[in-house]
**Student:** 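Dumping the structure here so I can ask a few things about it.
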Amino acid sequence: MNKNTKEKICAFYASDYHFEMMSLPYIDKRMQDKNEIVILTENNLEETIKTLLEKTNLKEAKKEKILKLDWKNNDLEKFKTIKKKVKQEEDMVIFIKGKENYIHNVNRNIEKWLPEERNIKIVDCYDIEEIAENMDEIMKQYQKILRTTGEKQIEKL
């Protein structure tokens with residue numbers, strides 16, 4: 001994979017709620033910066049994000065904007081949106097959340113569909129249960145990690 005085309009960040013989650021709680025501050029900030037946000041997810045997150053947002057103290061308008069992001073697992077529709085928005089040269093953050101194999105396949109498709117695009121930031125979100133033993137290996141493939149406090153450089157040991 002050509003690592004020069006897009007900025008890539010990794011993240012690790014323990015559950016759908018954990019992924020959502022961790023990504024919400026980052027999504028909110030990117031929305032304020034007028035970035036397009038796309039969430040490619042292996043499983044449907046519509047119900048968990050609704051539940052989570054009901055329990056947050058975000059303003060209603062902000063909750064609505066976040067809910068308007070498509071939290072379903074309908075990759076084909078989202079790829080069409082990505083392709084259109086990228087052609088309009090909008091800055092985009094793409095979350096890819098799921099098992100390692102799903103993340104790998106989606107990244108391969110993004111490279112195939114959008115080989116030259118540089119205005120994309122990809123956040124690969126791994127299920128910690130699945131990759132626990134390979135976490136160090138996975139982190140070696142990235143410069144940054146997403147935490148609730150935002151992007152952090154990964155310290156090379």
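The analysis underlying the following values was restricted to heavy atoms, covering all of them including side chains, and did not include hydrogens, waters or symmetry mates.
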**Student:** With heavy-atom distances below 4.5 Å as the criterion, would you say the side chains of Thr41 and Phe19 are in contact?
**Tutor:**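 Sidechains of Phe19 and Thr41: no contact.
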**Student:** Kindly indicate, with the supporting measurements, whether the criterion salt bridge (charged side-chain N to carboxylate O under 4.0 Å, His left out) is fulfilled by Lys97 and Asp16.
**Tutor:** CA-CA 9 Å; Lys97 179 211 160 279; Asp16 291 346; 2.9 Å; yes
**Student:** Got Ile122 and Ile110 here, is their nearest side-chain heavy-atom distance under 4.5 Å?
**Tutor:**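 Yes, close enough: below the 4.5 Å cut-off.
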**Student:** Looking at Glu155 and Lys140, does any basic side-chain N land under 4.0 Å from a carboxylate oxygen?
**Tutor:**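 Here Glu155 does not pair with Lys140 in a salt bridge, since their nearest N and O are not under 4.0 Å apart.
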**Student:** Is it true that a side-chain atom of Asp28 and a backbone atom of Leu24 form a donor plus acceptor pair closer than 3.5 Å?
**Tutor:**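 Flag not set: sc Asp28 to bb Leu24 has no pair under 3.5 Å.
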**Student:** Quick one, Asp124 and His104 - any side-chain contact, counting heavy atoms below 4.5 Å?
**Tutor:**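 Side chain of Asp124 against side chain of His104, heavy atoms only: no contact under 4.5 Å found.
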**Student:** Under 3.5 Å, is there a donor on one side chain and an acceptor on the other for Lys121 and Asn35?
**Tutor:**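 Judged by distance alone, the side chains do not pair up.
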**Student:** Are any of the side-chain nitrogens in Lys99 or Glu130 under 4.0 Å away from the carboxylate oxygens of its partner?
**Tutor:**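 No.
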**Student:** Does a salt bridge link Lys29 with Asp33, judged by any charged N lying under 4.0 Å from a carboxylate O?
**Tutor:**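 A salt bridge is present here (some side-chain N lies under 4.0 Å from a carboxylate O).
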**Student:** So do Leu69 and Met31 actually touch side chain to side chain, heavy atoms under 4.5 Å?
**Tutor:**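 Met31 reaches Leu69 side chain to side chain.
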**Student:** Charged N to carboxylate O under 4.0 angstrom, Lys78 versus Asp75?
**Tutor:**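 Not counted as a salt bridge, because no side-chain N and carboxylate O are separated by less than 4.0 Å.
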**Student:** Salt-bridge test for Glu54 and Lys63: reply yes if a basic N is under 4.0 Å from a carboxylate O, no otherwise.
**Tutor:**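 Salt bridge absent between Glu54 and Lys63.
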